[in-house]
Amino acid sequence: MERAVSGVRSKRVPGERDKATTVLSMVGLPARGKTYIGRRVARYLSWLGHPTRVFNVGSYRRRQIGASQPADFFAPSNKEGRQVLHDLAMTALDDMLVWLREGGEVGIFDATNSTKERRRLVEERCRKEGLPVVFIESFCNDPGVIEANVRDTKLKSPDYVDMDPDAAAQDFLRRIAHYESMYETLEDPNQSYIKIIDVGRQVILNRIHGYLPARLAPLLIDLHVSPRPIWLTRHGQSDYNRHGRIGGDPELSPAGEEYAKHLAEFVRKNAPRDQEVSVWTSTLRRTIQTATKITRSPRTWRALDEIDAGVCDGMTYDQVRIEMPDVWAARSADKFRYRYPRGESYEDVIQRLDPVIIQLERQRSPTLVIAHQAVLRAIYAYLMDRPPGECPSISVPLHTVIQLTPTAYGCEEKRFALPPNVEDQGAGG
Ligand code: F6P
C-alpha cells in the first residue's frame, strides 16, 4: 500500500535563512590564541550552516616571503619589514572580501591587528563593501598561558622548524616584545567588539548586535583546551535495531544489555583517575538503560533524542521505500536537508544540538554521550570539523565507542568496538 504523504524539502541552502554577512577581525599579541579562537568560531559557525572561512595572515607571510623570518623582521624600526607585513595583511583582507562577495557569509581576518590605525583601515575597507566588522580581542598577560601557547603551538609552527627549541622560544619572545611596544587594546566605545580577558576570566561585549555576533558570546566565554576525552556512543542494540525499525522508544535487546555492561567496564578502565565522568543521555529509554551500569542519574537531554522521523516513526526502511516512495526518493536525494513530514531533517537536528555543543565545550572532565545515530553524526561533524552536509553519511556503528580528545586545533580520534558484535539493520547510509 502506498501512503500519500508529500515530502518536505527545504529549497534554501544551509544558513540562507539567517544570512548576515559579517567580518570578524581578530586582535591580539602573538601567542594569545587568536588562531585557535578564530578556528573554533569558524568550526562552530560552519556547523550551524553559516559558510565561514579564516584568512590567516601568518600563512600568507610564510607562503609569500618564507617562514624563517627572525624576530627583528617584526620590529617597528624595520620600516621595510613593516611595509611587507602591511601589504600581506591587505592582500589577505582583499581575498576575504572577494570570498564574501562571492557568497561566503562570515570572514575571519586572523592577524594581530594590534594598532588603532590598522583596525581603522580594516573597518574602512569593509565599510566600502557594506560589511559590519566585529573585533574579537584575546587580551592576556598571564605568563603561564603565554608560555603554554608558545610551547604547544608556536614552536611546532613552520616558522621554527629545525630550530633548537630554546633558541626558537627566545626568538619568539623577542617578536612578541616588538608587537607589545606598539600594541593598543580595544577601547573605542563606537566599535563593535568582544574582548576576552585572561582566557574568559572576563568577557566584554561592546555594541554587539544581531543574531550572529550574539551567538558567539556563549562559545567564547568558556573556551579552553583542557585535554579530556569525549566519548560518543549509540545506545546498546534495541528491539527496533534488531528489526531495522526507525525511531520509537524501544527497550534494549539482550545484546544491548550486554553492551551496557561492557561500556561500563570501558569507562571504569579508561576514565582518568580522580576525574568524575559526566554521563549524558537522551530522554529515550534505550540510552538511559545503556547508562544504568555506570550511573542511575545521567543528565538527560531532550536535545539528544534521535532525529524525529515524523510519519515514518516505527517503520522499517523497506516499508518507507515501498509505502512512501516520494518520501524515500526525496530523502535519498538530499538526506541532509530533507525534513520528514511532521518530523525533522539533519539540519534541524544541528540547530537543536547547539546548547549541547556549548556545554560540551565547557566540560573540563570526561564526558560520555550516549545517544543515537543521527544525533551523534551531527555532534561528530562539529568536533571533527566535517562539512555539515556530510553528516548523514558519517559512520557511527552500534556497540562502538568513539573517543575524541580535543587538541589545540582539532580532535584526536580513536574507535573502540566493544562486544557483543551485532548486525546493524539501520546503518542507513
Ligand atoms: O536505525 C536507527 C536510527 O537511530 C533511527 O532511529 C533513525 O531514524 C536512524 O537511525 C537515523 O539514521 P538515517 O538518517 O541514516 O536514517
Side-chain angles (χ1 to χ4, degrees), residues 3 5 7-10 14 232-253 255-256 259-260 263 280-291 301-353 356 369-382 386-402 421-429:
R3 300 189 202 179
V5 179
V8 187
R9 179 170 169 274
S10 89
L232 306 180
T233 179
R234 287 170 70 187
H235 49 81
Q237 186 197 53
S238 71
D239 285 336
Y240 270 31
N241 291 139
R242 273 206 294 189
H243 303 106
R245 292 170 69 185
I246 60 181
D249 189 14
E251 307 231 20
L252 291 185
S253 70
Y259 175 69
L263 179 63
W280 297 357
T281 68
S282 71
T283 64
L284 299 169
R285 288 188 295 186
R286 55 197 186 276
T287 61
I288 297 170
Q289 286 173 3
T290 305
W301 293 76
R302 198 170 168 78
L304 286 175
D305 284 2
E306 182 52 308
I307 188 169
D308 182 350
V311 298
C312 298
D313 190 74
M315 296 171 76
T316 65
Y317 286 108
D318 273 348
Q319 276 177 311
V320 178
R321 188 169 49 80
I322 294 160
E323 296 172 24
M324 298 186 184
D326 290 354
V327 169
W328 182 262
R331 190 163 197 257
S332 307
D334 187 352
K335 199 169 161 185
F336 179 67
R337 282 189 288 158
Y338 179 78
R339 179 179 288 148
Y340 278 111
R342 296 205 280 281
E344 290 179 302
S345 64
Y346 272 87
E347 211 175 12
D348 296 329
V349 168
I350 285 182
Q351 297 303 318
R352 74 158 140 96
L353 280 172
V356 175
V369 184
I370 306 176
H372 308 266
Q373 180 159 243
V375 162
L376 292 173
R377 282 171 170 161
I379 296 176
Y380 179 96
Y382 169 75
R386 297 270 289 269
E390 285 183 14
C391 269
S393 56
I394 292 171
S395 163
V396 184
L398 280 171
H399 297 191
T400 302
V401 178
I402 303 176
N421 190 7
V422 287
E423 211 184 310
D424 201 350
Q425 299 283 358

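Read the numbers this way: they start at 1 and go in the same order the structure lists the ligands and their atoms.
- With respect to Glu251 and Arg285, a salt bridge is recorded, a charged nitrogen being found less than 4.0 Å from a carboxylate O.
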- Step by step, would you call Thr316 with His243 a side-chain hydrogen bond (donor to acceptor under 3.5 Å, both in side chains)? CA-CA 8 Å; Thr316 65; His243 303 106; over 6 Å; no
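- Between Arg245 and ligand 1, a contact under 3.5 Å exists for no N or O pair.
- Nearest heavy atom pair, residue Gly236 against residue Tyr259, reads CA-CD2, 3.6 Å.
- Between atom 4 (O) of ligand 1 and the options Glu306, Arg286, Arg377, Arg331, the minimum heavy-atom separation is to Glu306.
- The pair Glu344-Arg352 meets the salt-bridge criterion, since a charged nitrogen lies less than 4.0 angstrom from a carboxylate oxygen.
- Contact between Tyr317 and ligand 1 is present, with at least one heavy atom of the residue lying under 4.0 Å from the ligand.
- Of the polar atoms of Ile246, none of the N or O atoms is found under 3.5 Å from an N or O of ligand 1, judged by distance alone.
- With a 4.0 Å heavy-atom cut-off, ligand 1 is reached by the side chain of Tyr346 but not by its N, CA, C or O.
- To the nearest 0.5 angstrom, Ser393 atom OG is 9.0 Å from Tyr346 atom OH.
- Here is the list of ligand 1 atoms found below 4.0 Å of a heavy atom in Lys335: 13 (P), 14 (O), 15 (O).
- Listed by atom number, the atoms of ligand 1 under 4.0 Å from Arg234 heavy atoms are 2 (C).
- Each of the atoms 5 (C), 6 (O) of ligand 1 lies under 4.0 Å from some heavy atom of Gly247.
- In summary, of the residues considered (Gln237, Glu306, Arg234), a side chain to side chain contact (heavy atoms under 4.5 Å, CB included) with Arg286 occurs for Glu306 alone.
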